Amino acid sequence: MTAGMLTTILIAMLGGAIRVSTPFMFVALGETITEKSGRINLGLEGNLVLGAMVAYGVSYETGQPWLGVLCAGFSGVFLGLIHGLICSLPRVNDIAVGIAMMTFGIGVAFFFGKPYIQPSAPRLESLPLGNWSDNPALRSALEINPLFFVGIIMAAVIWWMLANTRPGVILRMVGDSEPSARAMGVNPIKVRVLATAAGGFMAGVGGAFLSLSYPGSWNEGLSSGQGLMAVALVIFARWNPLRCILAALLFGAAGAIGPALQSVGISQGYYFFNAAPYILTLFIMIASARSGASAAVAPGELSIVK
Amino acid sequence: MADITTGTFGTGVSTVRWRAGLEKIAIPLGALVVSALLFSVFLLALGKNPLTFYALIWQGGFSSFFSIQNTLQRAAPLILTGLAFAVPATIGLTMIGAEGALVLGGFAAAAIAVPLVVAEAPVVLTMLIMVVFAMSAGAMLTMIAGWLRHARGVNETISSLLLTYIAVATMNFFVEGILRDPNSANKPSTVPIGDAYKVGAIPGTDVHWGLAAGLVLAVLLYFLMFRTTFGFAARVTGGNPRAALAQGLPVGKLILACAAISGACAGLAGYYEVAAIHGQANASLVAGYGFTGILVAFLARQNPLAIVPVAILFGALDASGGLIQRRMDLPDATIQVLQGLIFVVLLTSETLTGRIRFFQPGIGK
């Protein structure tokens, strides 16, 4: 392997990491909000797929991709609200409801998404940030979608709100100790439903990125577990929105290995590298489970770490 | 309290048991009815006739000998994947990796068959080896999730789904690579096992033997989980893991055993998909039976015997999908929406467990 090929691979991985990481980032941020309230929503895969379909459909019908992004977010709120309300009933298991919402969300997306598989909808324009360079590979790697930056800003805002604002403190209190929240006169159920809805919104927007930017079309094989991997990623990021960005980039880079190698003509093992993000997630879960640093910051009411 | 003093305690207990048993059937059945009503509203909103829809499910699933056979054919893998969810659920594991175990099991069976078929090995021996490979491959996959759960505290729901994606990628890696049949141009597959090595139909029907295997396993696993000390220990662990540990139960071994049973059942389903339906391993193995099995097990309340009728019901839904698509001009995802709706309503209905007076006579008087 020559130095030139290595550079090409690294550049392709950089571009791939930025592209692939964006949906991970949104889902992970959404799941962080939900889990900070003490609930886990495993159904965000459904939000992601439904969001992708809604965004594409709205963009096709109206010609307004950003309106599609917004509608995708609200489709996520819809699923999040159902999850949040059902889990507020006694004796209902939030993990099982997550699996059910995943099935339901994907089913609804496939049902209404049939007419949008063929047509081409207006996409979200990417920002050509690499124009200063002569290297075509670098230029295409730095074609970055504005949603990537929106995600980073959101991460910073969520991080700041969790640490410094009244809603942030209430959210963390509900997630750490339901009795204390009740003693303070906070209704934990209301907070959790809102947190699940907010998390659903973020995941829906993540789905919009899938269909309107990269890969940039709507089909039934669009998402393959990104929504679920993002849930594992939140544990790895220790419920910290800023660490979610780094974790998402890491996952994006893992997902970009296969295509990056293919870009220099190494297609051997392409299907094996397809498994790389899943294997990485599994190892990350093994490493972060029972880790003291992770347990110390985990929301106390979370069933997954109890 | 009045019951005890007046001596009607005995009858009270028997009524409680009878009515509490009824609750296990009534609540899921009620959830099914509510889902059907909600889905009718959904169809009406789309301008479709719900009565036509349900009539077509009857027609496509049960109305003729042909459709019943079609239903049973599809119910066979669902019984096995339903069992694959129910057994670990009894011990408290929410494992959703049956799809992966099915795919890996089917692939392992098809792969080991390739040299055996070339060597013209005896048919029975080949079948036996294929079954053993399929069940072991499936069991291996779910045991990873079970072991990670027990030894490292890794959430088994997420890890089992990740393993499913890894299993599918593994199959694709081989099927697109060294094990690819050069004749499979459009759909990369392993070399077909050939008719001589395929599993036949149950005499008098077109339904393959996977159905019989599912029925036998459902009965066996019912006895294992409800009539043996193993099953008792597993249910104690599922009810309260700390109490089980305090009692000195071998929790780790129990978890691994339940995970292995789960994967073996799903792997066996994969074997029948290869040996009775497709004749080779390819992307058709990823048909969603593993995921529908989760819903089947939930509706059956993780009871192995109840899984059989529920699997048949979902087999009928699956079998009538094509008919509904053609006659009502609805997309193939219609059944998926209905399944998702049933799933959500069913889990919501669990909140009613123990809260309906009728099923709890003698309590709270």
Side-chain angles (χ1 to χ4, degrees), chain A residues 40 42-43 45-46 82-83 85-93 95-115 220 224-225 228-229 231-232 235 268-282 285-290 295 303-305, chain B residues 42 46 85 89 94 96 100 144-145 148-149 151-159 161-177 188 288 291-292 294-295 298 330-355:
Chain A
I40 180 159
L42 276 191
E45 178 79 8
I82 299 179
H83 183 283
L85 290 172
I86 292 177
C87 291
S88 302
L89 298 166
R91 256 176 285 255
V92 172
N93 172 342
I95 290 192
V97 175
I99 303 170
M101 290 308 296
M102 189 164 19
T103 317
F104 181 68
I106 294 174
V108 171
F110 287 2
F111 184 91
F112 290 107
K114 276 282 172 293
E220 296 184 354
S224 43
L228 216 103
M229 280 192 273
V231 177
I235 306 171
Q268 212 174 19
Y270 178 77
Y271 291 92
F272 179 72
F273 284 111
N274 270 349
Y278 308 109
I279 296 172
L280 177 74
T281 314
L282 201 57
M285 284 182 72
I286 295 168
S288 50
R290 295 220 177 136
S303 63
I304 203 166
V305 291
Chain B
F42 175 74
L46 294 168
F85 183 83
T94 312
I96 55 175
I144 295 176
L148 284 177
R149 165 74 209 210
R152 298 283 314 171
V154 175
N155 178 275
E156 76 285 359
T157 311
I158 301 175
S159 71
L161 192 65
L162 291 172
L163 287 165
T164 294
Y165 289 114
I166 295 172
V168 174
T170 307
M171 180 186 75
N172 285 339
F173 174 69
F174 286 107
V175 166
E176 306 264 355
F291 294 117
T292 311
I294 303 170
L295 176 53
F298 263 110
L330 283 167
D332 55 356
T334 313
I335 297 295
Q336 220 173 327
V337 176
L338 177 59
Q339 285 184 0
L341 194 66
I342 294 174
F343 209 157
V344 173
V345 173
L346 176 74
L347 291 174
T348 311
S349 77
E350 298 212 331
T351 190
L352 296 175
T353 309
R355 289 168 81 194

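Quick note on labels: first sequence line is chain A, next is B, and so on, each numbered from 1. Here the structure is a predicted model, which means the values were calculated and not measured. The basis for the numbers below is simple: all heavy atoms, side chains too, and nothing from hydrogens, waters or symmetry mates.
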Minimum heavy-atom distance [X]-[Y], with the two atoms named:
X: A:Ala96; Y: B:Leu347; result: O-CD1, 3.2 Å
X: A:Met285; Y: B:Asn155; result: CE-O, 3.8 Å
X: A:Thr103; Y: B:Gly340; result: CG2-CA, 4.1 Å
X: B:Leu162; Y: A:Met229; result: CD2-CG, 3.6 Å
X: B:Val337; Y: A:Val108; result: CG2-N, 3.8 Å

* To do: Name the region of B:Thr94, side chain, backbone, both or neither, that has any atom closer than 4.5 Å to a heavy atom of chain A.
  =>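 Contact with chain A is through the side chain of B:Thr94 alone.
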* Is it the side chain or the backbone of B:Ile335 that comes within 4.5 Å of chain A heavy atoms, both, or neither? ->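 It is neither, since no heavy atom gets under 4.5 Å.
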* **Aromatic contact, B:Phe42 with A:Phe111 (centres under 6.0 Å)** =>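 Between B:Phe42 and A:Phe111, the centre distance is under 6.0 Å.
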* side-chain contact (heavy atoms from CB on, under 4.5 Å) between A:Ile99 and B:Ile96, intermediate numbers included -> CA-CA 9 Å; A:Ile99 303 170; B:Ile96 55 175; 3.5 Å; yes
* To do: Evaluate side-chain contact (heavy atoms from CB on, under 4.5 Å) for A:Leu89 paired with B:Thr348, printing each intermediate quantity in order.
  => CA-CA 8 Å; A:Leu89 298 166; B:Thr348 311; 3.5 Å; yes
* To do: Sort A:Phe273 into side chain, backbone, both or neither according to what part of it lies under 4.5 angstrom from a heavy atom of chain B.
  =>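 The answer is neither part of A:Phe273.
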* Asked: Is chain B contacted by the side chain of A:Ile279, its backbone, both, or neither, given a heavy-atom distance below 4.5 Å?
  ->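 Both parts, backbone and side chain.
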Examine distances only and state if a side-chain atom of [X] and a backbone atom of [Y] form a donor-acceptor pair shorter than 3.5 Å.
X: B:Thr351; Y: A:Pro90; answer: yes
X: B:Arg152; Y: A:Ile286; answer: yes
X: B:Tyr165; Y: A:Gly225; answer: yes

Nearest 0.5 Å, please: how far is [atom2] in [Y] from [atom1] in [X]?
X: A:Met101; Y: B:Phe343; atom1: CE; atom2: CZ; result: 11.5 Å
X: B:Ile158; Y: A:Leu282; atom1: CD1; atom2: CG; result: 10.5 Å
X: B:Glu350; Y: A:Asn93; atom1: CD; atom2: CG; result: 8.0 Å

Can you tell which of [options] has the highest number of heavy-atom pairs within less than 4.5 Å of chain A?
options: B:Asp332, B:Leu295, B:Ile342; result: B:Asp332
options: B:Ala169, B:Pro331, B:Ala167; result: B:Pro331
options: B:Gln336, B:Arg355, B:Gln339, B:Glu176; result: B:Glu176

